[in-house]
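We use all heavy atoms of the structure for the numbers below, so side chains are in, but hydrogens, waters and symmetry mates are not. Sequence positions, counted from 1, serve as the residue numbers for this chain. In this text, all values refer to a predicted model and were calculated from it rather than measured experimentally.
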Amino acid sequence: MPTLERINVTPVKGMALHHPDRVEITSAGIPGDRRFYLVGASGKMVSGSTFGSLVRIVADHDPQTEELSMRFPDGTVVAGRADHLGEAEVTDFFRRPVAAHAVDGPWSEAVSEYLGTAVRLLRTDHDGEAVDVLPLTVISTASVRDLAERGHHDGSLDSRRFRINLELDGCGPYDEDSWDGETVGIGEVRLRIEGAIPRCLVTNQSPDTGTKDWNTLTQIAKYRPRIKGDGGLPFGMYGTVVQPGVAHLGDTVQVPSHATSPD
């Protein structure tokens with residue numbers, strides 16, 4: 001029986017992932033996940049695929065106190081209240097406008113110094129809007145293992161490189177592909193699976209250092225047909241929330257009875 005194996009979230013897009021034992025899931029996804037993001041001097045969104053070393057910064061945000069802290073690799077911690085907001089801005093997220101406000105405080109300067117280029121920290125006006133496309137992402141650990149085997153990866157392949165919200169164990173490789181358009185239960189939560197995720201360069205990077213350590217995209221391209229339309233390489237699936245609730249590690253995953261592993 002498939003179960004929820006790991007949860008991956010981060011308060012700041014591109015920074016280190018956290019792995020809570022439980023999360024609330026609302027219609028907008030996981031509250032607080034990627035609530036903050038960075039933009040460059042031109043106002044364009046800054047991603048981990050461009051600045052891989054962002055993953056070495058550990059950010060924590062307490063929504064009750066609004067305390068936001070960032071711990072840098074050298075042990076420096078920059079912290080303060082993140083509810084002091086500046087000018088309103090709109091950022092293009094893959095041709096989708098996201099309304100946000102600049103965050104006043106020490107973080108922009110600290111991250112700029114760390115990256116060696118000017119960036120600014122923004123906070124979305126609404127939860128769930130700094131995701132790439134849809135509120136949630138899902139993948140099975142079997143798919144990751146299959147990719148590693150096909151690509152002759154030396155040892156296990158760390159699934160964190162895919163930065164997917166919900167990792168499922170006990171499935172066959174690519175079972176999640178066969179759920180497209182169907183409703184899947186995780187504990188009390190119900191998700192509708194809504195298409196394949198086109199993968200980007202961040203998947204080539206170590207989830208610990210952000211440096212390229214494997215040709216992940218090349219390996220996917222060897223056996224996974226590109227997504228029709230945008231031509232991206234598929235790995236993992238998007239999801240929208242049909243029934244909100246709380247998801248816990250170990251929750252049973254209820255999948256469509258007719259769904260089978262793709263050939």
Side-chain angles (χ1 to χ4, degrees), residues 7-20 23 25-26 28-63 66-73 77-137 160-165 197-203 205 207 210 236 238:
I7 300 166
N8 301 303
V9 294
T10 178
V12 182
K13 188 175 178 66
M15 294 189 181
L17 294 171
H18 295 276
H19 311 291
V23 287
I25 295 179
T26 71
I30 300 173
D33 183 38
R34 295 163 172 83
R35 187 64 191 266
F36 301 88
Y37 65 96
L38 297 161
V39 296
S42 66
K44 185 178 179 180
M45 184 255 294
V46 168
S47 69
S49 59
T50 304
F51 295 99
S53 60
L54 282 172
V55 79
R56 301 185 66 199
I57 304 174
V58 180
D60 285 285
H61 178 238
D62 185 333
E66 288 296 349
E67 183 80 3
L68 174 66
S69 67
M70 293 182 187
R71 187 174 75 249
F72 290 81
V77 176
V78 177
R81 288 179 61 91
D83 55 352
H84 301 292
L85 303 179
E87 294 294 321
E89 301 190 32
V90 176
T91 305
D92 179 16
F93 270 68
F94 307 100
R95 299 182 295 278
R96 177 173 54 87
V98 171
H101 279 75
V103 182
D104 294 334
W107 305 281
S108 295
E109 182 180 354
V111 179
S112 296
E113 182 177 353
Y114 171 73
L115 294 178
T117 189
V119 296
R120 294 180 296 111
L121 182 70
L122 272 62
R123 174 182 177 139
T124 61
D125 290 350
H126 304 286
D127 247 332
E129 294 199 341
V131 297
D132 291 346
V133 179
L134 294 179
L136 289 171
T137 50
R160 291 179 301 155
R161 72 178 56 239
F162 298 104
R163 299 184 69 84
I164 291 219
N165 292 130
I197 304 169
R199 303 318 313 221
C200 69
L201 290 172
V202 75
T203 62
Q205 299 169 356
Y238 288 117

Between Arg120 and Glu87, does any NZ, NE, NH1 or NH2 come within less than 4.0 Å of an OD or OE carboxylate oxygen?
no
With a 4.5 Å heavy-atom cut-off, do Tyr238 and Thr137 have their side chains touching?
yes
The reported gap from CG in Asp62 to CZ in Arg81 (rounded to nearest 0.5 angstrom) is 10.0 Å
Sub-4.5 Å side-chain heavy-atom contact between Arg163 and Leu17
yes
Is there side-chain contact between Ser47 and Met45, with heavy atoms separated by less than 4.5 Å?
yes
How about Arg160: does its CZ atom have over 12 heavy atoms from other parts shown lying under 6.0 Å from it?
yes
Looking at side-chain heavy atoms only, is the closest gap between Leu121 and Leu68 below 4.5 Å?
yes
Atom pair CD1/CG of Ile57 and Leu115 - distance to nearest 0.5 Å:
6.0 Å
Hey, does Ile197 have a side-chain heavy atom less than 4.5 Å from the side chain of Ile164?
yes
Shortest non-hydrogen separation from Glu129 to Phe93 and the atoms involved:
O-CD2, 4.4 Å
Can you spot which of Met15, Lys13, Lys44 makes a side-chain contact (heavy atoms from CB on, under 4.5 Å) with Leu38?
Met15
CD of Glu67: more than 12 outside heavy atoms within 6.0 angstrom?
yes
So does Ser53 get a backbone contact from the side chain of Tyr114, meaning a donor-acceptor N/O pair under 3.5 Å?
yes
Once you round to the nearest 0.5 Å, how far does OG of Ser49 lie from CZ of Arg199?
11.0 Å
Do you know which two heavy atoms are closest between Pro20 and Val9, and how far apart they sit?
CD-CG2, 3.8 Å
Closest non-hydrogen contact found for Phe162 with Thr203 is CD2-CG2, 3.7 Å
Have Arg35 and Thr124 got a donor and an acceptor in their side chains that come within less than 3.5 Å?
yes
Does any non-hydrogen side-chain atom of Ile25 lie less than 4.5 Å from one of Asn165?
no
With a 4.5 Å heavy-atom cut-off, do Pro106 and Met70 have their side chains touching?
no
Rounded to the nearest 0.5 angstrom, the CD1-OG1 distance for Ile30 and Thr10 is 11.5 Å
What are the two closest heavy atoms between Leu122 and Ala100, and how far apart are they?
CD2-CB, 4.0 Å
Are Asp132 and Arg34 packed together at the side-chain level, in the sense that at least one heavy-atom pair is separated by less than 4.5 angstrom?
no
Can you tell me if CD on Glu66 sees more than 12 non-hydrogen neighbours from other groups inside 6.0 Å?
yes
Determine yes or no for a side-chain-to-main-chain donor-acceptor pair under 3.5 angstrom, with His101 supplying the side chain and Asp83 the backbone.
no
Shortest non-hydrogen contact from Glu89 toward Ala102
OE2-CB, 4.0 Å
Shortest non-hydrogen contact between Pro31 and Gly29, atoms and distance:
CD-O, 3.5 Å
